[in-house]
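FYI, the numbering just counts along the sequence from 1. Both counts, for ligands and for their atoms, begin at 1 and track the order of listing.
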Amino acid sequence: MELNKFTVFDCSIIHFPKIQNRAGNITPIQNNIEAPFEIKRVYYLYDVPGGESRGAHAHKELEQLIIAASGSFDVTIDDGKNKKTISLNRPNFGLHLKPGMWRELSNFSSGSICLVLASLLYDEADYIRDYDDFLKR
Ligand code: TYD
């Protein structure tokens, strides 16, 4: 796949269903229905110390949905030409990251949980961890 095939403008916010009743809410996310790809892996970031940031890498093939399952944080995405920052703070909204986006997650609120749904299993070979390599791709 061409690594610069997508831009930040191809990364959109997806609004997931919210099933509400007086005892609280449920948000279901199913393969190829609410999720725009088949989910192969789920992981979550938590206990992020105040002031810390995560990410600072890109993926060659991986697609992700990034969700603030609890609390809030910011995601800055960069396709090498354009940059934008999206604040996530609702559990029924997800940021769909296409492949080839440099990303940084920051401003985690205390106790926040960043839920990530991913299209591929973990593979270090799919990462670009050097920003100059990312720009040269
Ligand atoms: P990394 O993706 O670099 O974290 P972040 O972007 O949030 O800063 O992963 C951090 C470490 O965790 C790295 O050593 C790889 C490991 N890891 C796994 O083993 N499996 C996974 O699914 C993920 C996401 C990370």
Side-chain angles (χ1 to χ4, degrees):
M1 174 189 284
E2 260 191 63
L3 269 175
N4 47 9
K5 191 167 153 189
F6 299 108
T7 73
V8 296
F9 306 108
D10 297 309
C11 299
S12 52
I13 293 284
I14 298 183
H15 192 170
F16 301 118
K18 179 154 101 174
I19 302 162
Q20 308 185 59
N21 72 24
R22 59 181 174 74
N25 306 325
I26 294 178
T27 290
I29 303 175
Q30 304 168 88
N31 276 340
N32 299 312
I33 303 179
E34 291 85 6
F37 52 77
E38 197 171 322
I39 298 160
K40 294 243 177 75
R41 174 167 54 117
V42 174
Y43 63 91
Y44 36 100
L45 298 172
Y46 54 99
D47 288 349
V48 178
E52 279 296 342
S53 60
R54 310 266 330 191
H57 62 252
H59 286 282
K60 298 174 186 169
E61 302 278 352
L62 186 73
E63 280 187 62
Q64 292 163 304
L65 276 170
I66 300 187
I67 299 164
S70 185
S72 62
F73 50 85
D74 296 335
V75 187
T76 299
I77 54 175
D78 173 356
D79 59 25
K81 288 202 177 90
N82 315 285
K83 245 189 193 187
K84 68 176 181 177
T85 297
I86 299 104
S87 295
L88 294 175
N89 56 14
R90 293 208 230 162
N92 63 321
F93 282 76
L95 174 62
H96 180 201
L97 282 194
K98 301 292 266 183
M101 298 298 134
W102 191 266
R103 88 287 308 281
E104 200 159 300
L105 285 75
S106 59
N107 293 329
F108 287 88
S109 67
S110 164
S112 59
I113 298 175
C114 169
L115 175 63
V116 183
L117 312 179
S119 64
L120 297 170
L121 301 183
Y122 173 72
D123 177 8
E124 186 59 37
D126 189 65
Y127 282 73
I128 304 171
R129 292 196 181 271
D130 182 273
Y131 190 69
D132 289 333
D133 290 346
F134 168 72
L135 290 178
K136 281 190 235 136
R137 78 209 189 280

**Separation of Asp123 CG from Lys60 NZ (nearest 0.5 Å)** = 8.5 Å

**Asked** Heavy atoms only: which of Arg129, His57, His59 is nearest to atom 13 (C) of ligand 1?
**Response** Arg129

**Request:** Please write down residue, atom name and distance for the protein heavy atom closest to atom 22 (O) of ligand 1.
**Result:** Arg41 NH1, 2.5 Å

**Request:** Return the option from Tyr44, Tyr43, Tyr127, Tyr122 holding the heavy atom at the smallest distance from atom 9 (O) of ligand 1.
**Result:** Tyr127

**Request:** Please work out whether any backbone atom (N, CA, C, O) or any side-chain heavy atom from C-beta onward of Val116 is under 4.0 Å from ligand 1, and answer side chain, backbone, both or neither.
**Result:** neither

**Request:** Could you tell me whether the side chain of Pro36 reaches within less than 4.5 Å of the side chain of Ile14, counting heavy atoms only?
**Result:** yes

**Message:** Which residues pass the ring pair (Phe, Tyr, Trp, His ring centres under 6.0 Å) test with Tyr43, not counting sequence neighbours?
**Reply:** none

**Item:** Any donor-acceptor N or O pair under 3.5 Å, side chains Asp74, Thr85
**Value:** no

**Request:** Name the closest protein heavy atom to atom 10 (C) of ligand 1, giving the residue it belongs to and the distance to 0.1 Å.
**Result:** Arg54 NH2, 4.1 Å

**Prompt:** Purely on distance, is any nitrogen or oxygen of Glu124 under 3.5 Å from one on ligand 1?
**Reply:** no

**Asked** Angle class for the His15/Phe93 ring planes (parallel below 30°, perpendicular above 60°, tilted otherwise)?
**Response** parallel

**Request:** Between Gln64 and ligand 1, find which residue part has any heavy-atom pair under 4.0 Å and reply side chain, backbone, both or neither.
**Result:** neither

**Asked** Relative to atom 8 (O) of ligand 1, which among Ala118, Gly55, Ala56 owns the nearest non-hydrogen atom?
**Response** Gly55

**Asked** Any idea how His57 and His59 line up, ring-wise: parallel (<30°), tilted (30 to 60°), or perpendicular (>60°)?
**Response** perpendicular

